[in-house]
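Comments concern the structure below.
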Amino acid sequence: MVICFFADELRLLNDSSGLHLTLHHPRSRCSPAPFPNLTFSTILSHDEARVRSLTARLTKTVSPLLRPAAVSIPLSPGASIGVGNYVTQIGLGTPAKSYVMVVDTGSSLSWLQCSPCRIYCHDQVGPVFDPAASASYRPVSCSESECNSLESKDVLSLGSGQRFAGFVYGCGQDNEGLFGRSAGLIGLARNKLSLLSQLAPSLGYSFSYCLSTAASTGYLSIGSYNAGQFSYTPMQSSSLDNSLYFVRLTSITVGGRGLPVSSSAFTGTPTIIDSGTVITRLPSNVYAALSSAIAAALREYPRQPAYSILDTCFRGSLSRLAVPAVAMVFQGGATLRLAPRNVMIDVDGSTTCLAFAPARRVAIIGNKQQETFSVVYDVGRSRIGFAAGGCG
């Protein structure tokens, strides 16, 4: 990935009730940048590539400015993969033009493909951004103090006339990675270069979203939110990467009973919550206990062989399985009470698998388990909140 820094005017496409953007599932037919029909094994393979890259980043072998998606499996020219992330639309430049962007809580840098694409630009919906066509853009040299302090100027536009001057972004000239047909990526991590941090002085240091299923639409809101709607868990600090959102998972229940593992099995592995990883990765002991509990609850259903990274599989579709209630409990009592669709996933016409996998060095709360929940990241108050039934 080759990125040059620019400043321009940014416009987000929001409605009159505030900064409220529509989020689209990566495989939704209503998405402005729909992904091709891919086998679920391909989706899982690229999800694993993302997790491997994230692990490399946390062991300091990858720059924190470049999200794992930006350093994952290189794509052949014209390929459209990008299977794990949700997308929205923003306006950039003067005059503002609309671009479909991946939304990522793990990225610090917002960037998009830029003309003249000196090395490689993947196929995207709509034209590639041309900085020369924006009257408000300005290149930022890395020798400038603005680059070192992560401050510079251009204009971001957010829908109904809301404009943000001085927006700093990256102009991608070699764009290989898991981005589908999007124009680029919106970074929402805890870093001075992220979209969240750049808009915080105007809108507040928080954002919320609902990650929809493929059959509906979700949202991304930046700024104020209904605080009484959520139950909260504290954000955790970690020396691994202070830009990511770490949480503390304290227990998991199946059918109302806690898994038979020690509390240290949960707390001994750092845990992040991530919008772009599909399948939740749990500490190995916790995953083994969850797998056993689900297998016991579904013992009347014939087992099927492992499917890619998913090894707890059953014959039949999700709609025919009596999936037990599963809840993920976090420090402070915040709880994700998972619906069957958050626990199991249909991988083909005859097989359903547990939608969890064992972690390596870091546990990850993936987007399959977050689907249809409202999730708020209140960075100003160092807390993350959950509420059921958030998507439209």
Side-chain angles (χ1 to χ4, degrees), residues 14-15 17-25 28 85-88 103-106 186 188-190 196 199-200 203-236 244-254 256 266 271-280 282 323-345 355-356 363-392:
N14 66 300
D15 59 31
S17 64
L19 206 174
H20 190 88
L21 312 177
T22 300
L23 280 184
H24 297 275
H25 188 280
S28 169
N85 293 274
Y86 287 70
V87 298
T88 192
V103 173
D104 194 351
T105 59
I186 293 173
L188 291 172
R190 290 190 289 180
L196 172 65
L199 300 189
L203 300 175
Y205 208 3
S206 65
F207 67 94
S208 59
Y209 60 61
C210 183
L211 305 180
S212 66
T213 67
S216 62
T217 56
Y219 71 84
L220 168 67
S221 291
I222 300 178
S224 62
Y225 64 96
N226 180 3
Q229 175 185 358
F230 297 89
S231 60
Y232 298 94
T233 186
M235 290 182 185
Q236 304 294 314
L244 295 177
Y245 296 101
F246 286 84
V247 293
R248 180 164 293 167
L249 181 65
T250 58
S251 68
I252 294 177
T253 63
V254 177
F266 291 94
T271 301
I272 65 169
I273 182 169
D274 182 40
S275 67
T277 299
V278 178
I279 300 297
T280 287
L282 295 173
V323 180
V326 175
M328 304 178 71
V329 184
F330 297 84
Q331 182 181 5
T335 303
L336 286 175
R337 302 186 188 279
L338 304 181
R341 67 174 174 268
N342 302 117
V343 178
M344 311 291 293
I345 190 164
F356 293 79
I364 305 172
I365 310 301
N367 62 39
K368 181 60 181 173
Q369 283 60 47
Q370 298 179 58
E371 273 186 6
T372 75
F373 289 91
S374 287
V375 183
V376 63
Y377 295 68
D378 189 336
V379 180
R381 300 181 69 175
S382 194
R383 65 183 186 177
I384 291 176
F386 304 107
C391 295

Calculate, to the nearest 0.5 Å, the distance between atoms [atom1] and [atom2] belonging to [X] and [Y] respectively.
| X | Y | atom1 | atom2 | answer |
| --- | --- | --- | --- | --- |
| Phe373 | Leu336 | CZ | CG | 5.0 Å |
| Leu220 | Ile222 | CG | CD1 | 5.0 Å |
| Ile273 | Ile384 | CD1 | CD1 | 5.5 Å |
| Arg190 | Ser382 | CZ | OG | 6.0 Å |

At their closest point, which heavy atom of [X] faces which heavy atom of [Y], and how far apart are they?
| X | Y | answer |
| --- | --- | --- |
| Ser374 | Gly390 | OG-CA, 3.1 Å |
| Phe386 | Thr335 | CB-O, 4.5 Å |
| Cys391 | Thr217 | CB-O, 3.7 Å |

- Item | With sequence neighbours excluded, residues passing salt bridge (charged side-chain N to carboxylate O under 4.0 Å, His left out) with Arg341 | none
Quick one, [X] and [Y] - any side-chain contact, counting heavy atoms below 4.5 Å?
| X | Y | answer |
| --- | --- | --- |
| Val247 | Ile272 | no |
| Arg337 | Met328 | no |
| Tyr219 | Ser208 | yes |
| Asn367 | Gln369 | no |
| Tyr225 | Ser206 | yes |
| Ile252 | Val329 | no |
| Cys210 | Val375 | no |
| Lys368 | Thr280 | no |

- Message: Pair Thr271, Arg248 - check side chain to side chain contact (heavy atoms under 4.5 Å, CB included), show working.
- Response: CA-CA 6 Å; Thr271 301; Arg248 180 164 293 167; over 6 Å; no
- Aromatic ring pairing Phe207/Tyr377, orientation class (parallel under 30°, perpendicular over 60°, tilted between): parallel
Donor-acceptor contact present, side-chain [X] to main-chain [Y], <3.5 Å:
| X | Y | result |
| --- | --- | --- |
| Thr233 | Ala334 | no |
| Thr277 | Gly366 | no |
| Asp274 | Ile364 | no |
| Ser251 | Leu249 | no |
| Gln370 | Ile365 | yes |
| Glu371 | Thr213 | no |

- Item | Stepwise side chain to side chain contact (heavy atoms under 4.5 Å, CB included) test for Ile186 and Thr88 | CA-CA 9 Å; Ile186 293 173; Thr88 192; 3.9 Å; yes
- Message: Taking side chain to side chain contact (heavy atoms under 4.5 Å, CB included) as the definition, give me every residue that meets it alongside Val323, ordered by chain and number, with sequence neighbours left out.
- Response: Leu318, Leu321, Pro340, Val343, Met344
- Item | Distance-only polar pair, side chains of Tyr232 and Asp378, donor-acceptor under 3.5 Å | no
- Query: Any chance the side chains of Thr250 and Gln331 put a donor and an acceptor closer than 3.5 Å?
  - Reply: no
- Message: Please report whether the ring centroid of Tyr86 lies less than 6.0 Å from that of Tyr209.
- Response: no
- Task: Apply side chain to side chain contact (heavy atoms under 4.5 Å, CB included) to Leu196 and Leu203, showing your working.
- Result: CA-CA 9 Å; Leu196 172 65; Leu203 300 175; over 6 Å; no
- Query: Between Val103 and Leu23, does a side chain to side chain contact (heavy atoms under 4.5 Å, CB included) hold up when you go through it step by step?
  - Reply: CA-CA 8 Å; Val103 173; Leu23 280 184; 3.7 Å; yes
